[in-house]
Amino acid sequence: MKHDLSHFSSFISFMLDFDSVLDEPVRGELRTIMVLYQMKQKSDDGKQESDYGSFLQYLIQLNTISGNCLVFDREINENNRNVKLVYVNRTRLVMLKDRIEGKRGWTIPYEVVSKQRSFKNSNEELLAILSSPLHSRLEINGVNNSTNEIAECDYETLDKLIRATSARSVLSKEKARLKTVEKKYFQVCNNVNHNQILANVCFKKNVDHQSITKNSIPGMAHMHHKIDECRNMISQDIYSCSKSKIHFLPIINSHTEVFSGDCSYLDTCHKMKTCRYVHYFTLNPLIEGNDNNSSADENEIQRQCLAHEYTIGECFSENHRKVIPPQWINCDVRYLPFSVLGKFAAIISDPAWDIHMSLPYGTCKDEELLSLPMHELQDEGIILLWVTGRSIQIGRRALLQWGYTISDEVIWVKLNQLKRTIVTGRTGHWLNHSKEHLLVGVKGNPAWLNRKIDTDIVVSATRATSRKPDEIYDIVERLVGVHSRKLEIFGRDHNTRPGWLTIGNQLQGSFIYETEVKTRYQQYLGTKEGP
Amino acid sequence: MSRAVSKSRPSTSNANHANRYTYNKFGSRKESASTRETAIAGSLESSRSSRENQNQNHNQNLNPKKISASSEIDYCNHYIHTKQNAISQIRNIANPTEGYPKLSKLHQLKRAQVEKHATTPYGVRVATDKIIPTINSWIDNYGLKFDVIMIGALVENQFILPLLNSIPISKLCAKPGFLFIWATTQKIIELTSLLNNDNFNKKFRRSEELIFLPVDKDSPYYPDNSGDSVSLLEKQQWHCWMCITGTVRRSTDNHLIHCNVDTDLQIESAGNKKKSSVPEAMYRVAENFSNSNRRLHIIPSKTGYDCPIKIRKGWVIMGPDVILNNFDPMNYSRELNAASVVQYNTYANGSNTGANAQYLVPQTNEIEDLRPKSPVSGGKKTNST
């Protein structure tokens with residue numbers, strides 16, 4: 001049976017619309033394609049079905065007139081009827097269709113995508129399925145290509161989908177912002193001229209510059225008073241800058257050699273009276289404010305907290321509950337039974353590692369630290385451990401031994417007085433050290449943590465030897481919530497904080513607020529003294 | 001409550017003072033020990049923590065509240081409220097040695113000296129699975145060794161344990177030798193076990209943990225935080241371990257190493273919009289530390305089109321994505337001999353073999369004068385670099 005030209009147009013449209021016949025699940029199976037085609041024919045105009053043999057004849061004729069637009073895995077003949085379609089030349093199909101419809105010119109309405117598929121073994125099939133989203137397009141309505149509902153389903157789209165910020169992360173970040181009292185933040189003025197002129201104004205009445213290094217130096221308010229007095233001598237720019245930004249005023253004494261540059265130790269220099277390097281005075285802007293203002297701030301925070309409705313990870317009394325006052329116990333951590341203390345959501349510890357250096361405080365042996373019964377303190381929660389140099393390795397081992405997985409490593413970027421990183425002063429053995437590491441471990445599966453609010457970098461100024469930045473407490477409080485029980489081991493007086501229980505042998509006395517802990521601790525003291 | 005507590009505490013102030021802060025004459029926070037004369041007696045029961053400090057000592061006439069409130073910048077707090085990254089606020093990102101002219105000069109001189117004696121940049125383009133065979137052929141046929149070996153790059157996919165395990169590191173790396181190996185926080189446990197396994201044989205001591213930080217979220221070096229369900233905090237760091245094999249002493253081996261020239265923290269320069277597989281600053285740390293001239297960088301896996309591998313003078317860089325492919329062991333050895341000061345180590349039995357030669361960047365007197373040194377007289381502090 002010879003077919004009329006017009007008989008082919010419906011099949012061509014079918015092939016152009018369903019270019020997925022080469023993919024799963026049809027895989028170019030001609031019998032299946034025939035059934036699909038006939039189903040479509042039926043729904044369109046209720047045409048008669050034909051058998052497989054005549055369908056094959058039909059395809060052979062189509063191939064003849066279209067210049068082999070269909071490629072099969074073997075030749076079609078009477079003996080070879082189980083043939084698979086492996087390739088569709090869409091360009092030729094489109095051209096033939098245009099001819100049949102009597103179109104002139106070379107407008108190609110369909111996007112021409114030629115594809116070839118062959119399924120040699122199951123592995124290859126699997127690979128084809130897996131890799132297909134990376135190369136193919138996702139047709140949203142699937143049937144008709146003329147509507148442009150095609151989603152790019154390539155690598156970039158998928159990547160973007162994976163990287164999209166989750167609602168939880170957005171909401172918890174916003175909650176953290178609402179709940180954290182904003183502190184005053186001042187920019188540092190980088191204008192050398194400003195700093196120099198202000199230095200001249202502030203230090204001019206000291207006839208002998210030597211006196212600056214003595215205790216007679218007035219405070220910040222006095223410095224600002226001096227600037228106010230000399231207001232007419234400096235430009236308005238500089239004056240207003242001095243009230244809004246931080247300035248570092250160089251102190252030039254008779255022994256200072258300006259060309260030598262800044263002192264490595266700056267405001268912590270022990271020999272300031274004789275040091276020939278440049279030191280600075282930090283001129284901070286004054287904050288006009290009083291206590292009423294800060295309590296108003298707190299009320300505002302309260303209000304905001306009551307207003308927001310995102311409460312995942314909070315306790316039910318989050319907003320009207322008072323934070324437990326600072327608690328501390330002076331004890332030898334090695335001998336205190338941890339069961340007295342109860343369980344904690346967060347533990348922070350800054351052990352005095354024995355790093356083979358003469359330090360002004362007693363150090364702790366590695367074994368003693370590793371043998372602490374840490375498993376008694378947490379069922380589920382986080383631990384933060386300060387480590388340095390050699391002890392980084394021991395710290396990692398300790399966390400694993402105590403049953404934690406190391407989730408993060410917080411880097412404290414140490415800044416000096418001038419808000420610069422510390423680059424001099426031979427602070428390390430091979431390289432200078434301008435940062436410290438804080439290992440973070442997680443135990444159990446604490447779903448209640450507010451993840452990814454802060455970053456793992458803390459930029460903060462150095463203070464006294466071994467004193468760590470207080471910002472860490474804020475980060476932990478944002479992670480586990482202000483009302484969770486939090487413990488600091490090897491803490492000192494400056495570490496005590498509302499909401500935290502601090503233990504260590506350098507604390508002054510003890511203060512326990514939680515009744516349970518108090519009772520258990522007194523019982524423990526009783527048994528200790530008893531026999 | 002807390003106020004009552006601090007009053008009830010024993011006022012043994014002498015034991016107490018070391019932990020308390022006041023504001024020193026330079027306007028910054030300082031331990032009260034040195035300014036105790038100016039401290040007012042009434043302040044003994046105050047300032048247990050800076051927060052309490054603000055509430056309690058407003059009866060002092062020094063006006064400390066005003067000062068304390070503005071004294072220290074809290075970058076974390078600022079980040080929570082404005083999303084402005086703290087790193088971008090550090091004042092010496094553009095010029096890390098700002099304020100230290102001697103150190104700047106030293107950096108400049110070292111850089112010129114390293115460049116002057118550097119070999120031409122070499123690239124070895126090999127597929128990942130051909131890296132080990134290529135290295136083996138260098139060792140077997142040419143006896144090639146390197147003193148500085150960097151492995152990995154700032155791409156997450158570089159830590160290929162089977163490959164790292166099979167690098168013939170003891171033959172490839174001279175002694176003393178220096179290894180710079182990149183890892184992410186998540187890979188540190190694996191890295192630790194790698195250094196302890198048979199291949200590395202505990203021969204490499206982890207000596208410094210270098211950290212590289214991108215300046216902010218827009219940086220091309222900002223690590224990929226997607227799909228990371230382990231971390232509690234937003235990841236913003238890259239780790240590079242510096243390991244040493246063999247014996248070097250920082251006081252006597254100044255021909256081999258220069259210590260304390262750089263720091264263990266490198267921050268990307270602001271305004272950098274182009275990524276390369278390893279930032280220049282990190283190559284420079286290696287060059288400034290080791291005076292050896294044989295430097296190899298192995299980048300085990302593809303780095304992708306948005307992270308090109310930059311070739312560098314004085315380095316042989318190998319990996320599947322290196323564009324340049326000009327390495328020839330014979331030419332390299334010849335050039336190395338011409339560019340370096342070759343020093344032969346004599347053994348106790350008097351024999352000296354070429355196998356133990358050291359190819360060094362010669363150093364100048366000026367560099368020697370400027371470089372940070374170990375204190376000569378015990379315990380005396382040098383107050384500069």
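We name chains A, B, ... by the order of the sequence lines, and we start the count at 1 in each one.
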Among the options Ala86(B), Pro101(B), Ser231(B), pick out the one with the most heavy-atom pairs lying under 4.5 Å from chain A. Ser231(B)

So among Gln237(B), Gln236(B), Lys235(B), which one has a side-chain hydrogen bond (donor to acceptor under 3.5 Å, both in side chains) with Asp456(A)? Gln237(B)

Given that the side chain runs from C-beta out, which part of Asn416(A) has a heavy atom under 4.5 Å from chain B: side chain, backbone, both or neither? side chain

Smallest separation among heavy atoms of Thr263(B) and Val423(A), with atom names: CG2-CA, 3.5 Å

Atom CG of Asp264(B) and atom NZ of Lys435(A): how far apart are they, to the nearest 0.5 Å? 3.5 Å

For Val181(A) against Asn77(B), the heavy-atom pair lying closest together: O-ND2, 2.8 Å

When you measure from the side chain of Gln186(B) to the backbone of Ser407(A), do you find a donor-acceptor pair of N or O atoms at a distance under 3.5 Å? yes

Segment of Phe248(A) engaging chain B (4.5 angstrom heavy-atom cut-off): side chain

Is the number of heavy atoms from other residues, nucleotides or ligands under 6.0 Å of Arg205(B) CZ greater than 12? yes

Pick whichever of Ser166(A), Ser169(A), Ser434(A), Gly261(A) has the most heavy-atom pairs under 4.5 Å with chain B. Ser434(A)

Taking Thr97(B), Ile188(B), Ile267(B) one by one, which has the highest count of heavy-atom pairs under 4.5 Å against chain A? Ile188(B)

Between His258(B), His81(B), Arg206(B), the one whose heavy-atom pairs under 4.5 Å with chain A are most numerous: His81(B)

Donor + acceptor pair across side chains of His429(A), Glu208(B) (<3.5 Å): no

Would you say Tyr100(B) and Arg420(A) make side-chain contact, with heavy atoms under 4.5 Å? no

Apply the salt bridge (Lys or Arg N to Asp or Glu O under 4.0 Å) test between Glu72(B) and each candidate in Arg463(A), Lys183(A), Lys419(A); give the one that qualifies. Lys419(A)

Measure distances from Ile87(B) to the heavy atoms of chain A and classify the residue's part below 4.5 Å as side chain, backbone, both or neither. both

Evaluate side chain to side chain contact (heavy atoms under 4.5 Å, CB included) for Leu415(A) paired with Ile73(B), printing each intermediate quantity in order. CA-CA 11 Å; Leu415(A) 294 190; Ile73(B) 303 176; over 6 Å; no

Nearest 0.5 angstrom please: Thr180(A) OG1 to Ile80(B) CD1, how far? 5.5 Å

How about Leu449(A) and Leu232(B): do any of their side-chain heavy atoms sit closer than 4.5 Å? yes

Checking Val285(B) against chain A: side chain, backbone, both or neither under 4.5 Å from a heavy atom? side chain

Taking all non-hydrogen atoms of both residues into account, name the closest pair between Val248(B) and Trp430(A) and its distance. O-CH2, 3.6 Å

Heavy-atom distance under 4.5 Å to chain A: side chain of Thr185(B), backbone, both or neither? side chain

Nearest 0.5 Å, please: how far is CZ in Arg451(A) from CD in Glu234(B)? 13.5 Å

Interchain contact, Gln393(A) with chain B, by part (heavy-atom threshold 4.5 Å): both

With a 4.5 angstrom heavy-atom cut-off, is it the side chain or the backbone of Thr427(A) that approaches chain B, or both, or neither? backbone

Dump the intermediate steps for side chain to side chain contact (heavy atoms under 4.5 Å, CB included) on Asp474(A) and Asp74(B), then the final yes or no. CA-CA 11 Å; Asp474(A) 297 326; Asp74(B) 190 329; 3.9 Å; yes

Winner by heavy-atom pair count (cut-off under 4.5 Å) against chain A, out of Leu213(B), Val261(B), Thr82(B): Leu213(B)

Can you tell me how far apart CG (Leu431(A)) and CG (Asn288(B)) are? Round to the nearest 0.5 Å. 9.5 Å

Most heavy-atom pairs under 4.5 angstrom with chain B, which of Ile475(A), Ile411(A), Leu400(A)? Ile411(A)

Contacting region of Glu209(B) [heavy-atom separation from chain A under 4.5 Å]: both

Roughly how far, to the nearest 0.5 Å, is the CG atom of Asn190(A) from the CD atom of Glu98(B)? 7.5 Å

Looking only at heavy atoms, the pair that brings Thr424(A) and Leu103(B) closest together is CG2-CD2, 3.6 Å

Okay, Arg397(A) and chain B: the region with an atom under 4.5 Å from a heavy atom over there is neither

Heavy-atom proximity to chain B below 4.5 Å, by part of Leu418(A): both

Which residue out of Lys322(A), Glu409(A), Glu471(A), Arg478(A) racks up the most heavy-atom pairs below 4.5 Å with chain B? Glu409(A)

Cut-off 4.5 Å, heavy atoms of chain A, and the answer for Ser251(B) is neither

CG of Asp470(A) to SG of Cys76(B), rounded to nearest 0.5 Å, is 11.0 Å

Walk me through it: do Val230(B) and Thr405(A) pass the test side chain to side chain contact (heavy atoms under 4.5 Å, CB included)? CA-CA 9 Å; Val230(B) 182; Thr405(A) 43; 5.6 Å; no

If you count heavy-atom pairs under 4.5 Å with chain B, which of Val410(A), Ile406(A), Ile392(A), Asn450(A) comes out on top? Ile392(A)

Between the side chains of Tyr185(A) and Gln89(B), does any donor sit under 3.5 Å from an acceptor? yes

